[in-house]
Amino acid sequence: MTDIDKIKSSNKFMLELDEIKKTPGYPSEERLNKGPTAVIECVEEIPCNPCETVCSKNSIAVGKPITNLPRLVDQNSCNGCGNCVVRCPGLAIFIVDKTFSEKSTALSLPYELLPLPEINEKVKALNRNGEYVCEGTVHKVRAAKSLNHTNVVTIIIPKEFTNEVRFFKRGKK
Ligand code: SF4
Ligand code: SF4
């Protein structure tokens with residue numbers, strides 16, 4: 001059984017990081033170190049493919065059947081534009097920029113709560129299970145109808161937590 005087959009047959013609500021990193025939408029560490037890129041954490045085999053159709057760089061493929069897990073077929077063509085983030089109904093795509101600064105990563109994520117956070121606001125950065133990881137700082141907030149009514153918030157986090165943090169809560173620890 002391949003790693004992907006094991007993931008498909010898993011009944012767990014949330015996969016562990018080492019399992020998610022084996023899915024076809026997760027870029028290599030080499031690619032992550034080159035600059036902003038989409039990180040796709042879609043592990044549900046559902047009939048869905050807006051991530052594929054919206055990407056003008058043809059970086060993502062779902063193909064046929066439409067229940068395939070999305071693949072980052074050309075990691076180097078992805079420029080981190082974020083168009084797939086706002087089109088994904090599963091809130092399963094993030095933009096990760098490990099080159100933001102020497103010690104920090106910029107993580108852009110879909111954010112559905114209101115009110116929106118303020119620029120420079122300190123927030124609690126959380127892992128995939130909603131557990132506190134570290135402090136984050138809001139860097140950018142994008143909210144526009146042109147973004148498919150999906151708000152995108154960019155937070156800055158310590159680089160060592162790049163693969164851990166995937167959400168945040170407002171307020172300090
Ligand atoms: S971030 Fe932009 S270029 Fe990269 S996969 Fe998404 S839509 Fe394509
Ligand atoms: S749009 Fe989102 S939920 Fe749909 S296949 Fe792509 S990553 Fe998965």
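On a predicted model such as this, the values are computed, not experimentally measured, just so you know. Every number for a ligand or one of its atoms is a count from 1 in the order of the listing.
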Taking only heavy atoms of [X] into account, list the atoms of ligand 1 that are under 4.0 Å away from them.
X: I95; result: 1 (S)
X: G82; result: 1 (S), 2 (Fe)
X: C55; result: 3 (S), 5 (S), 7 (S), 8 (Fe)
X: K57; result: 3 (S)
X: I60; result: 5 (S)

Heavy-atom side-chain proximity of V62 to C51 below 4.5 angstrom: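 Sidechains of C51 and V62: in contact.
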
Side chain to side chain, V96 and T162, heavy atoms closer than 4.5 Å: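 The answer is yes; the side chains approach within 4.5 Å.
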
So which heavy atom in the protein is nearest [atom], and how far is it from that ligand atom?
atom: atom 6 (Fe) of ligand 1; answer: C84 SG, 2.3 Å
atom: atom 8 (Fe) of ligand 2; answer: C42 SG, 2.4 Å
atom: atom 2 (Fe) of ligand 2; answer: C88 SG, 2.3 Å
atom: atom 5 (S) of ligand 2; answer: C48 O, 3.3 Å
atom: atom 4 (Fe) of ligand 1; answer: C78 SG, 2.3 Å
atom: atom 3 (S) of ligand 1; answer: N79 OD1, 3.4 Å

Below 4.0 angstrom from a heavy atom of [X], which ligand 2 atoms are there? Numbered from 1 as shown, please.
X: P89; result: 1 (S)
X: P50; result: 1 (S)
X: C51; result: 1 (S), 5 (S), 6 (Fe), 7 (S)
X: I40; result: 7 (S)

Cationic tip of R128 above F167 ring, under 6.0 Å, 45° of axis: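 Not flagged: R128 not positioned over aromatic ring of F167.
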
L72, portion touching ligand 1 at heavy-atom distance under 4.0 Å: neither

C81 N/O/S atom closer than 2.8 Å to atom 4 (Fe) of ligand 1: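 Not a single backbone or side-chain N, O or S atom of C81 is under 2.8 Å from atom 4 (Fe) of ligand 1.
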
Stepwise side chain to side chain contact (heavy atoms under 4.5 Å, CB included) check, L126 with R166: CA-CA 6 Å; L126 309 176; R166 286 298 178 265; over 6 Å; no

Taking every non-hydrogen atom, the tightest pair across P89 and C48: CG-SG, 3.8 Å

Nearest heavy-atom neighbours spanning P27 and L32: CG-CD2, 3.8 Å

Joint hydrophobic cluster, L109 plus F100, side-chain heavy atoms closer than 4.5 Å: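 Hydrophobic grouping puts L109 apart from F100.
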
Straight-line distance of C55 SG to I93 CD1, nearest 0.5 Å: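 Reported value, rounded in 0.5 Å steps: 9.5 Å.
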
Please tell me whether [X] and [Y] have a donor and an acceptor in their side chains that are separated by less than 3.5 angstrom.
X: N163; Y: E29; value: yes
X: T105; Y: K98; value: no
X: Q75; Y: T37; value: no

4.0 Å heavy-atom contact, V62 with ligand 2: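 Under 4.0 Å: no for V62.
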
Side chain to side chain contact (heavy atoms under 4.5 Å, CB included) between E45 and L69, worked out: CA-CA 6 Å; E45 293 185 288; L69 294 181; 4.1 Å; yes

Sub-4.0 Å heavy-atom approach of I93 to ligand 1: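 Flag not set, I93 not near ligand 1.
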
